[in-house]
Structures are given as structure tokens and as C-alpha cells.
S.K.: 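This is the structure I have questions about; it appears just below.
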There are 2 protein chains.
Amino acid sequence: MHRTFSITDCFERAELFNGLAATQCEKIIGHGIKHQLQPQSILFHQGQKGTHCYLVTHGQLKLTKLNKQGKEVIIRYVGAGELTAAAAMLKNGLYPVTATSIHETEVIGWDKPTMIALMRQYPDIAINLIDTVLSRLDDIQRRYLEVCTEQVDQRIARSLLRLMRWAGSRQQDGILIDIPLSRQNIADYSGTTLYTVSRTLSAWEKRGWVKSGREKIVIIDPHALVSFAEQP
Amino acid sequence: MHRTFSITDCFERAELFNGLAATQCEKIIGHGIKHQLQPQSILFHQGQKGTHCYLVTHGQLKLTKLNKQGKEVIIRYVGAGELTAAAAMLKNGLYPVTATSIHETEVIGWDKPTMIALMRQYPDIAINLIDTVLSRLDDIQRRYLEVCTEQVDQRIARSLLRLMRWAGSRQQDGILIDIPLSRQNIADYSGTTLYTVSRTLSAWEKRGWVKSGREKIVIIDPHALVSFAEQP
DNA sequence: CGCTCTATTGATAAACCTCAAATACAGTGG
DNA sequence: CCACTGTATTTGAGGTTTATCAATAGAGCG
């Protein structure tokens, strides 16, 4: 049921390893440090010194950002094969977000000196790293546009579609978003409140677009959501 | 009155040239192509193939992003010494934004092959480029948090403070934001409407925090704006 | 079965947008 | 210098969206 990610998958699919051979990946992994995280534990905190970057090998992380008043948004979810904290590590700065594991999660961490040495030895790593950061930039710019210009229900639709593409798993009745996802989570990811999410999902359930339970969403009619998100 | 930026300033202040000697900068500039832009002209369009990156040497650019319904946000302003479109160029993708000049503006453009060759010759360029992209990511993530969690007037305060830090020029009566800046611009930069901006500025003017005219803002009490932006 | 956490729903209020109309301003040409 | 024109801005009224609060229902777990 949980999405896992074997080491051999890693070689094939991890964004950090594009263009590298399996033996090279093994060596690179050998220079990192494995961490096992219990569900709901924190890998790093917003504001801490960002010395490491991490590759998720099993499970998922949730990246959240808090403002001074204590309100939270979800910047991104990070799944197996994806890298996080590359920016903070490269910049020698503070982590701009907090990373929390959703279920049991395994990550490999490298500190900056190690990463720099690896980049010298395997220049593809540097390229992949830049590529990763650029994708993050593109994603958040799109979402910035959305949150500035679109209504709440359209943003919720987009959030669900994004999460579906990222963690969707085919079921007999539709596509399950295969992580525990509360109304509050969806709200934090869409820039709204859990009440509005709840009302919106109820309405969509009546129309047969989604089916939802406790921390669980199944998307029945993705096409309807797409055209709803893009309506004028 | 207009902020200009001589070639020698370039060597000292441009983010692309950190760590490089003046002679090296000259050579690098020699490999680029100068463009002169009339006010309000477009350097590149959202959706075009992103083959070049640009360093602004005089004037300013406004980067805007449009959604399918035609609503616009301002992603960023780019001033003399700053680089833009690095991400699109590196990624071989499409420009995610449109760049429009505010006044007469001069930029130097490099295409990807040239930039790659320069990075090989001067690795500092690669480092500076990454640094630039990371700064953009950090900035937009902060603003994403703000637009999700804060009220309109707080966001307007933050926008003005950001623009003040970026283009502020000391005057006898306060700090002028030294670009033509309409209520609509502020709205597009804050994720609201020109009407709300107008009302908010009127209120602040009564309190003596700002003084505003046609496309012109002078910030009289920055401290008041800061504490207003950060109130709970 | 009781406890806790999540979700639903209604009522209400606040924030903000939209539309319309009036006013102010800068530049232009007489 | 002044009238004219095209924007930019202001302001009011009204409406919509969305947040907030409160109370209830449901799900999972020991």
C-alpha cells in the first residue's frame, strides 16, 4: 500500500541520478548517510542552518513554510526519487521550509563538502541539481500565479490534480491519491481553510467527480476537474 | 533621475560577475549582444522558446505572468546589474514570464551555447548563475507564503517595502520608489485590485505613512509599514 | 464503548472585488 | 498660458466570495 522505492529503482528514476550508471549511483549513495524517519517526524526545520540535501528513497516528505503569525502553507510534497533542500545546502543558508515525514520514510543525506566533491567527480550531478532547482522554481511560480488570480475552488481542483499526478494510483473506481491527505492538508496546499475544502469536496462528491473519506481522496472524473480549473 | 548603470559599475555590482576581474567581465560582455529597448517594449514573451538570458545594464524590466483567463501578476522587477531568464535558458524550455521594459533599457543577451562555453572558461559564472536562480526561488516562496496567509493590506505593505529596498531613493521627505508605479502595478505585484490599493494608500496617506501621486510613491514611515506588515 | 481526531454543515461576519461615476493629473497643441 | 484629451486615481454602493465560529456527526483505535 505504501509507495516504496528500491535502490535499483533509485538508479533508474531518481532525479539526482539522470545520466549516471548504476555503479556510479552506488558510489554516490555510499558517500551519503541514511536516515530512517518515523511517521510525522521532522527531518529539518525552517530556520535551521541548511547544511545537507536529501534524497528520499522510501516514503514521502511534506515541505511546509510558516509565517510569523504561525500560519502554515504546504510548499510541496517530496516523494521517493526526489531531492530536497538542494537550495539551502548550495546557498549555505537556512532551510526555508520544514520537512516532515508522512509515513515511515527513508532518506539519504549529503553535506555540502561531500556534495561538492561528488559534483567534481560526477558533473552530471551538478546538472541534475540545477535542473531540480529550476523545476521547483517553475512549479512555485505557477502556483503563485494561481493563488493570485484564481478562485478557491479552482485552486483546490488544481491542487488535487497536481497531487493525483504525483501520487495517483489507479483503483477500480478512480484514481486514489495515495497519501494520507486531510482537508487541512488540502487547504494548506491550496491557500484556503479546511471548511472551504470540505464544502467544495462535498459539492464535487454530489456531482460524482470525487469520492472522499477520512484523509483519503479518490478522483473519479479528472477531466471534469481539469475543465473546472480552467473555466473562465 | 533614471537609475543608470555604467559598464564599470557592472563589473563591481552585477550578480553575474561576482568574483571576476574587470578584464574577464569585459571579455564576457564581448560575447553577448547588446539590445536597446524603448520604454514599454517587450524583450521576451511568456511561451516563447527561452534561448537567451539577459543582464540588465540600464533601466528596468518588469516580469509578468499571465494565466489562461488573461489575468496578470508581476513576478518580479529586474534592475540594472540583475540577470533574468537564466532558468529558461538553462532548461531549454519556454520563457515562463514576459519581460517588459519600464523606461529605456539596455540589456546584454547571451544564448545558451555561448553561456555554456563561458561557464567552462569562467566557472564563477556557473556559480553566480546558480546563486541567482536560488535567490529567485527563495523570493517567490516567501511571496507565495504571504499571498496564502496574509491580508491584502499587509501584502501591499510588504510589496512597497520590497520595492523600496530595491528601487528606493532618499528624498528630503522620505524614500521615493524610483520607478513609474501605478496602482495597477502595485495590485499586480500584491495579488489584489487597483481599487483596494488606492483605498489602502489613501488610508496610509492620512496616517502619514506614505505620500503618493500619479504613478509615484514616497514612503515616509517605513518602520510603520514594517510593523503593520508583521502584526498578528 | 468511550476517546480522540477528522469532517460536515449552518449561520454569520468580514474581507475584498466589481461596477459606476466623478475627479485629478500630465502632456499636447493651439 | 489655456483648453483639451487620455489616463490614472479616488470613492461610494452593492454584491460575492470566503473565512470564522459553533455545534454535530462520523471514523478509527485501544
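Just so we're on the same page: letters track the sequence lines, and every chain starts at 1.
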S.K.: Roughly how many Å is it from CG in A:Asp153 to C1' in D:dA19, rounded to a whole number?
M.R.: 15 Å
S.K.: How sharply is the helix from C:dC1-D:dG30 to C:dG30-D:dC1 bent, taking the axes over five pairs at either end and rounding to 10 degrees?
M.R.: 30°
S.K.: Specify the separation, in whole Å, of atom CD of B:Glu150 and atom P of D:dA19.
M.R.: 15 Å
S.K.: Between N or O atoms, less than 3.5 Å apart, protein on one side and nucleotides 25-27 of chain C on the other: list the pairs.
M.R.:
residue	atom	partner	partner atom	Å
C:dC25	O2	B:Arg214	NH1	3.0

S.K.: In whole angstrom, what separates A:Glu215's CD from D:dG26's P?
M.R.: 18 Å
S.K.: A:Asp188 CG to D:dA19 C1': how many Å, rounded?
M.R.: 14 Å
S.K.: Can a donor-acceptor pair be found between the side chains of A:Ser212 and A:Glu205 at a distance below 3.5 Å?
M.R.: yes
S.K.: Verify the distance criterion only: is there a donor paired with an acceptor across the side chains of A:Thr57 and A:Glu106 at less than 3.5 Å?
M.R.: yes
S.K.: Just checking, any donor-acceptor pair under 3.5 angstrom between side chains of B:Ser169 and B:Gln171?
M.R.: yes
S.K.: Between A:Glu82 and A:Trp166, is any side-chain donor less than 3.5 angstrom from a side-chain acceptor?
M.R.: yes
S.K.: Going by distance alone, is a donor N or O of one side chain under 3.5 Å from an acceptor N or O of the other, for A:His58 and A:Glu104?
M.R.: no
S.K.: Which residues pass the salt bridge (charged side-chain N to carboxylate O under 4.0 Å, His left out) test with A:Asp153, sequence neighbours left out?
M.R.: none
S.K.: Using the rule side-chain contact (heavy atoms from CB on, under 4.5 Å), only one of B:Leu61, B:Thr84, B:Thr98 pairs with B:Phe44; which is it?
M.R.: B:Thr84
S.K.: Between atom CD in A:Gln40 and atom C1' in C:dT6, what is the gap in whole Å?
M.R.: 14 Å
S.K.: Look at B:Lys211 together with B:Asp173 and state whether they make a salt bridge at an N to O cut-off of under 4.0 Å.
M.R.: yes
S.K.: In whole Å, what is the span from the CG atom of B:Asn185 to the P atom of D:dT7?
M.R.: 16 Å
S.K.: Can you see whether B:Asp138 engages B:Ser135 through a side-chain donor-acceptor pair at a distance of less than 3.5 angstrom?
M.R.: no
S.K.: Holding to salt bridge (charged side-chain N to carboxylate O under 4.0 Å, His left out), I want the full list of residues that pass it with A:Asp111, two or more places apart in sequence or in another chain.
M.R.: none
S.K.: Atom CD of B:Gln69 to atom P of C:dC17: distance rounded to whole Å?
M.R.: 16 Å
S.K.: Please work out which residues in residues 191-212 of chain A have a non-hydrogen atom less than 4.0 Å from an atom of DNA chain C and list them by number.
M.R.: A:Tyr195, A:Ser198, A:Arg199, A:Ser202
S.K.: I need the CD1-C1' distance between B:Ile186 and C:dC16, as an integer number of Å.
M.R.: 17 Å
S.K.: Using residues 216-224 of chain B as the side-chain source, report each donor-acceptor pair under 3.5 Å to any protein atom, sequence neighbours left out, with the distance given to one decimal.
M.R.:
residue	atom	partner	partner atom	Å
B:Asp221	OD1	B:His223	N	3.3
B:Asp221	OD1	B:Ala224	N	3.0

S.K.: Respond yes when some side-chain nitrogen or oxygen of B:Arg183 is under 4.0 Å from OP1 or OP2 of D:dT9, and no when none is.
M.R.: yes
